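Just so we're clear, the structure is a prediction, and the values are computed from it rather than from any experiment.
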Amino acid sequence: MFNLVLFGPPGAGKGTQAEKLIEKYGFNHISTGEVIREQIRKGTELGRSVQSYIEKGQLAPDGLVIDIIADYVAKHKDAKGNIFDGFPRTTVQAKAFDEIMEKNSTPVSVMLSLEVPDEELVKRLLLRGKESGRADDSNEGVIRDRIDVYKAQTAVVADHYKPQGKHRAVNGLGTIDEIFGRLCQEIESLNK
């Protein structure tokens, strides 16, 4: 099974690229944000636990997010591959994720990190905010704070995968198709 961690700051295009990769390769897509929102909609115990943090504008605690991922992995052992989008977000999550994947005999294959300059991210997110109406994408100050939090807390996860030889930086500038082509090159170079 091919397990891809799609990585990058807010506005890097992870969701857009994940959709294209799913279509081409037939991978499952797990967005922790979507899974959490689904758990909340269903009113599960896990969803209720996470909702209290989200309502306060906080990230869900590592333990809860790890439980969600462990549950997902256990239920999708027969998949052709998985794209993990938005996870892991911390080094603690990355270490726990490796343990979950090893326990299920399906280790992380690669982390593809979309690299995009800050000013381009701000421009993309403001545009997305206008189109979608998402409040967190409509305020430049909030956007810059999110980018700073990503750099301080999440970007360091790449350092967890670099010594394993699993981290690949991918230029996230250009057209959607150009970026997609670069991601496909990386995936296909690993599947030879």
Side-chain angles (χ1 to χ4, degrees), residues 1-10 12-56 58-114 149-150 153-168 170 183-184 186-192:
M1 181 186 308
F2 192 85
N3 290 303
L4 163 63
V5 174
L6 192 55
F7 199 66
K14 296 181 299 294
T16 299
Q17 294 300 331
E19 287 175 22
K20 293 179 72 63
L21 292 168
I22 291 160
E23 188 177 320
K24 178 168 180 156
Y25 295 107
F27 296 154
N28 287 334
H29 177 220
I30 177 164
S31 162
T32 49
E34 281 301 312
V35 172
I36 287 169
R37 285 187 285 278
E38 181 66 18
Q39 294 282 337
I40 291 169
R41 274 194 297 274
K42 288 180 176 175
T44 66
E45 187 177 330
L46 205 51
R48 288 190 301 276
S49 305
V50 173
Q51 188 169 13
S52 64
Y53 291 94
I54 291 172
E55 286 172 353
K56 296 174 194 161
Q58 300 170 345
L59 286 178
D62 288 336
L64 286 175
V65 178
I66 290 163
D67 287 348
I68 289 169
I69 296 297
D71 182 62
Y72 177 88
V73 171
K75 290 178 179 171
H76 294 85
K77 288 183 180 180
D78 297 329
K80 182 176 181 182
N82 294 296
I83 299 173
F84 293 89
D85 169 4
F87 184 86
R89 286 188 186 209
T90 66
T91 304
V92 169
Q93 288 180 4
K95 289 176 181 172
F97 184 48
D98 284 351
E99 289 173 16
I100 291 165
M101 300 307 276
E102 293 293 338
K103 186 172 129 187
N104 286 280
S105 303
T106 180
V108 170
S109 306
V110 69
M111 169 190 268
L112 297 180
S113 179
L114 292 169
V149 167
Y150 169 81
Q153 296 177 11
T154 305
V156 296
V157 174
D159 295 333
H160 174 77
Y161 289 101
K162 285 176 186 173
Q164 298 178 32
K166 294 182 178 182
H167 175 267
R168 304 260 194 309
V170 176
L183 291 169
C184 292
E186 292 291 346
I187 290 168
E188 286 161 19
S189 73
L190 293 164
N191 278 333
K192 286 183 179 176

Heavy-atom check, side chain of [X] versus side chain of [Y], under 4.5 Å:
| X | Y | value |
| --- | --- | --- |
| L112 | Q17 | no |
| R168 | L190 | yes |
| Y161 | V110 | no |

Mind jotting down which residue pairs meet the salt bridge (charged side-chain N to carboxylate O under 4.0 Å, His left out) criterion with at least one end in residues 93-107? Sequence neighbours excluded, please. none

Looking at [atom1] of [X] and [atom2] of [Y], how far apart are the two atoms once the value is rounded to the nearest 0.5 Å?
| X | Y | atom1 | atom2 | value |
| --- | --- | --- | --- | --- |
| Q153 | T91 | CD | OG1 | 10.5 Å |
| D67 | I100 | CG | CD1 | 8.0 Å |
| I30 | N82 | CD1 | CG | 7.5 Å |
| E19 | D85 | CD | CG | 10.0 Å |
| Q93 | F84 | CD | CZ | 12.5 Å |
| E188 | L183 | CD | CG | 11.0 Å |

Looking only at heavy atoms, which two atoms of [X] and [Y] are closest? And how far apart?
| X | Y | result |
| --- | --- | --- |
| A96 | I66 | CB-CD1, 3.4 Å |
| K14 | G8 | NZ-O, 2.9 Å |
| K166 | P107 | NZ-CB, 4.2 Å |
| M1 | H76 | CE-O, 3.6 Å |
| N104 | A74 | OD1-CA, 4.3 Å |
| V5 | P88 | CG1-CD, 3.9 Å |

Electrostatic pair K20:E23 at N-O distance under 4.0 angstrom: no

When you measure from the side chain of K80 to the backbone N and O of N28, does any donor-acceptor pair fall under 3.5 Å? no

Closer than 3.5 angstrom, by distance alone: can the side chain of K42 be matched with the main-chain N or O of G47 as a donor-acceptor pair? no

Would L21 and I187 satisfy side-chain contact (heavy atoms from CB on, under 4.5 Å), going step by step from the backbone distance to the final call? CA-CA 10 Å; L21 292 168; I187 290 168; 3.7 Å; yes

